[in-house]
Amino acid sequence: MRRSYFPKMSIVILLVIIFVIFNLTSFSKEIKNLFYLISQPIQKRLWAAGIKTSNLFEAIAEIKSLKKDNESLKLKEQELLNEISTLKDLEKENLALRQALGLGLNKEFELIFSQLIGRETADTLLITQGSKNGIEVGFPVITQQKVLAGRVSYVYENFSKVQLLTFKDISFDVKIFNKEIYGLVKGKGNFKLSLEFIPQKENVAVGDLMLTSSKGGVFPQNLLVGQILDAKSSDVELFQKIEVKPFLNISDLNYLFIIKNFKK
Amino acid sequence: MIKKIFIALLVFYLLIALQTSFLSHFFNYLPNLTLILLCFINFFERQKDNFGIFSAFFGGLFLDIFFESPLKFFGYYVLISLFLAIFIKFFLKNYIKPYVRPL
């Protein structure tokens, strides 16, 4: 019995030694980069197919609520039509100012465009830009709507891994829109976020929007983070317990932008 | 045997590609489909065959390439898979098959 397992165990021990030597070099990084390059066309197609299929299932699941949503949207349409007429004048003024000052997303940041091809865990993505495009660890990553996605955590030659803002080790400063309230958002893993260090006396409401603030220097300021989902006050605790719903929607996400020139 | 290994390589790659690029749209967390398949292969193959060990090696290698191991050690999943395969064979040989009477 023991003899039949001895050759197998000795092979395993030999493999351990080989892998230890292997890990001391950067050869594993090159191998991973090569496999991602070979696998990229297939993973791109699978990712796109995944988006289409999940949209189809979402549409089927939401059929019941469509009639109700339709009615409330008609009411909202009336309100918005009134607002549009006032905003059209402001828009002209804004456009003129922007042209004069040369503002825009592409002028606010130096961006690198990338495509999503995989999701390693609930809070880690794989994108198609790497060190040869100037990507470095720590670069912030956003969507085209200026929604914060996360930051670059590992860089290969042609690919990079992005830790989402919900990743367990990530925390950053935020401010609540239209209120002078600042707090710390912490990733809880499994695509969940919490807002911390908000004193009990502060008036936060469900639906309040959160933007990144420049205080901590982790991310650029005024990027969209999420909305308050639930806020619990307590007389015995110093701070409120607040759950946040991120604006980032992975199921519809195909492209991301990496901010190259953000200085901490 | 070589044909079987080639088919196993293809199946493992497709499972991992599906898990990371397609199924991740529907679930935030998924069980490790490759490890599950490895357990099945080793559980149901004949005692004398070594296909389970080879498939454990290649399955673990694909896992190391496409996933980050908790210890950030390339080869982590290869070793886990090999230990799993050897353990299943040992367990079956010494604790299950001696007690299974042929029909």
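To find a chain, count down the sequence lines: A is the first, B the second, and so on, and within it residues start at 1.
- Considering only heavy-atom pairs separated by less than 4.5 Å from chain A, the leading option among B/Phe62, B/Phe66, B/Phe57 is B/Phe66.
- The part of A/Lys161 that comes within reach of chain B is its side chain, from C-beta onward, which places non-hydrogen atoms under 4.5 angstrom from that chain.
- Neither the backbone nor the side chain of A/Leu126 has a heavy atom closer than 4.5 Å to any heavy atom of chain B.
- If you measure heavy-atom distances from A/Asn23 to chain B, the contacts under 4.5 Å come from the side chain alone.
- Other residues, nucleotides and ligands place more than 12 heavy atoms under 6.0 Å from the NZ atom of A/Lys32.
- Heavy atoms of B/Leu18 lying under 4.5 Å from chain A belong to its backbone as well as its side chain.
- Formation of a donor-acceptor pair under 3.5 Å by the A/Glu120 side chain with backbone atoms of B/Glu68 is found in this model.
- With respect to chain A, the highest number of heavy-atom pairs below 4.5 Å among B/Phe67, B/Phe73, B/Tyr76, B/Phe83 belongs to B/Phe73.
- B/Phe87 CZ: 12 or fewer foreign heavy atoms inside a 6.0 Å radius.
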query = After noting the C-alpha distance and the side-chain angles of A/Thr53 and B/Phe22, does the key distance pass the side-chain contact (heavy atoms from CB on, under 4.5 Å) rule?
reply = CA-CA 9 Å; A/Thr53 314; B/Phe22 184 80; 3.7 Å; yes

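- Other residues, nucleotides and ligands place more than 12 heavy atoms under 6.0 Å from the CZ atom of B/Phe51.
- If you measure heavy-atom distances from A/Thr124 to chain B, you find no contacts under 4.5 Å at all.
- Across A/Gly118 and B/Ser21, no two heavy atoms sit closer than the pair CA-OG, 3.9 Å.
- Counting heavy-atom neighbours within 6.0 Å of A/Leu14 CG, excluding the residue itself, gives a total above 12.
- Looking only at heavy-atom pairs under 4.5 Å with chain B, the residue among A/Leu15, A/Val20, A/Ile51, A/Val16 that has the most is A/Ile51.
- Atom CG of A/Leu253 is separated from atom NE2 of B/His25 by 9.0 Å, given to the nearest 0.5 angstrom.
- Atom CZ of A/Phe19 and atom CG of B/Asp64 lie 6.5 Å apart (nearest 0.5 Å).
- Interface remark: A/Tyr156 contributes side-chain atoms only to the contact with chain B (heavy atom separation under 4.5 Å).
- Of all heavy-atom pairs between A/Gly50 and B/Phe26, the closest is O-CZ, 4.0 Å.
- Contacts between B/Ile65 and chain A at a heavy-atom distance below 4.5 Å involve backbone atoms as well as side-chain atoms.
- The candidate with the highest count of non-hydrogen atom pairs below 4.5 Å against chain B, out of A/Phe191, A/Phe35, A/Phe57, is A/Phe35.
- Atoms CD1 and OG1, on A/Ile117 and B/Thr20 in that order, are 8.0 Å from each other to the nearest 0.5 Å.
- A donor-acceptor pair under 3.5 Å links the side-chain atoms of A/Arg119 to the main chain of B/Ser24, judged by distance alone.
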